[in-house]
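Note that ligands are numbered from 1 as they come in the structure, with each ligand's atoms numbered from 1 the same way.
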Amino acid sequence: LPLNERLAYYIIEGTKEGLIPDLELALKEYSNPLDIINGPLMDGMAEVGRLFNDNQLIVAEVLQSAEAMKAAVAFLEPLMESGSEGSNVKGKVILATVKGDVHDIGKNLVDIILSNNGYNVVDLGIKVTPTELIEAIRKNNPDIIGLSGLLVKSAQQMVITAQDLKAAEISLPILVGGAALSRQFTDTKISAEYEGLVLYAKDAMDGLALTNRLQK
Ligand code: B1M
């Protein structure tokens, strides 16, 4: 198989055997490690999603795929370019996958990209309830709140989270992302329940661009 297809294959098969040597090869072809993630590795993940949807994969197999993806990201992370702004901290972002949702690969990617570009990121992890989020905001005093969620019910959970933040008199900008969300849902459903800005990011790089714009 050509290199790109092999890289996607590791994710689809959920195997790490041969993954690192092939990532090393890929680093010679791609100028930026992030392009390897956004390209062949994400292609593999999209195929995993499709196969899972068609009942051709079970959860245990998807978990193996997630492990392979995490191993690839962990290998590439130290090689990613950090922002040109040097070591000045540009702002603090609190990150969480919303209540009821365990998907964290996208969130972790956002963490890596923001951290590598001068942001201080406080990652609260997965299944974060609005109460836990509000407590952490009070404790950490961030500039921006980042919420991730991949399930359809997580999009609804973001609406609830926005309502709870508003009730707690928090109006910091919120950045939202994840497969089940859209810009339209963000603008019509989440924003409507919140005092502050709510911005939809289609991927982690978009998340960085929006965060940079907010912190200007
Ligand atoms: Co799950 N899962 N899963 N799963 N899983 C999906 C999301 C699903 C679409 C698969 C499918 O059916 N086709 C489906 C959701 C259906 C729905 O609600 N419409 C689904 C399901 C049903 C489930 C379970 C319910 C399965 C079950 O138990 N029967 C269960 C849910 C458990 C729970 O959350 N309570 C479940 C479990 C799992 C695993 C644990 C096995 C594993 C997750 C492991 C982990 O994350 N640690 C898993 C996986 C791997 C997936 C798929 C295959 C891949 C997700 C992924 O990691 N993608 C997924 C199908 C798919 O998306 N194709 C699927 C790679 C990642 C980099 O992309 O997270 O989208 P993503 O992040 C992107 C953007 O969305 C964006 O940036 C990233 C790219 O740069 N982004 C942000 C994300 N968050 C952001 C935040 C930002 C900015 C951008 O700012 C704050």
Next on the checklist: Under 4.0 Å and counting heavy atoms only, is there anything from the protein next to atom 65 (C) of ligand 1?
Outcome noted: yes
Next on the checklist: Check for me whether A180 has a heavy atom closer than 4.0 Å to any atom of ligand 1.
Outcome noted: no
Checklist entry - For ligand 1, which atoms sit closer than 4.0 Å to a heavy atom of G146? => result 91 (C)
Checklist entry - Would a 4.0 Å cut-off, counted as strictly less than, catch a protein heavy atom around atom 24 (C) of ligand 1? => result no
Item to check | atom 29 (N) of ligand 1 [closest protein heavy-atom partner, distance rounded to 0.1 Å] | outcome: V59 CG2, 3.9 Å
Item to check | Protein contact to atom 45 (C) of ligand 1 [nearest heavy atom, distance to 0.1 Å] | outcome: D104 OD1, 3.4 Å
Checklist entry - Does the protein put a heavy atom under 4.0 Å from atom 52 (C) of ligand 1? => result no
Checklist entry - Is K189 atom NZ crowded by more than 12 heavy atoms from other residues, nucleotides or ligands, each under 6.0 Å away? => result no
Checklist entry - So between H103, M205, K107, whose heavy atom ends up nearest atom 31 (C) of ligand 1? => result H103
Checklist entry - Does the side chain of D111 come under 3.5 Å of the side chain of S115 through a donor N or O and an acceptor N or O? => result yes
Checklist outcome for this item: Here the atoms of ligand 1 under 4.0 Å from any heavy atom belonging to G49 are 11 (C), 13 (N), 53 (C), 60 (C), 63 (N)
Checklist entry - Is atom 9 (C) of ligand 1 less than 4.0 angstrom from some protein heavy atom? => result no
Next on the checklist: I'd like to check whether S148 has a polar contact with ligand 1, where a contact means an N/O of the residue lying under 3.5 Å from an N/O of the ligand.
Outcome noted: yes
Next on the checklist: Is there a polar contact, in the sense of an N or O pair closer than 3.5 Å, between V102 and ligand 1?
Outcome noted: yes
Checklist entry - Heavy-atom contact under 4.0 Å between G100 and ligand 1? => result yes
Next on the checklist: Under 4.0 Å and counting heavy atoms only, is there anything from the protein next to atom 49 (C) of ligand 1?
Outcome noted: yes
Checklist entry - If you measure every N/O of V152 against every N/O of ligand 1, is any gap under 3.5 Å? => result yes
Next on the checklist: My understanding is that we take every heavy atom of each candidate and find the minimum distance to atom 20 (C) of ligand 1. Doing that for L151, I126, L63, which one comes out nearest?
Outcome noted: L151
Item to check | Close approach of K202 to ligand 1, heavy atoms, under 4.0 angstrom | outcome: yes
Item to check | Close approach of K127 to ligand 1, heavy atoms, under 4.0 angstrom | outcome: no
Checklist entry - Non-hydrogen atoms of M42 versus ligand 1: any pair closer than 4.0 Å? => result yes
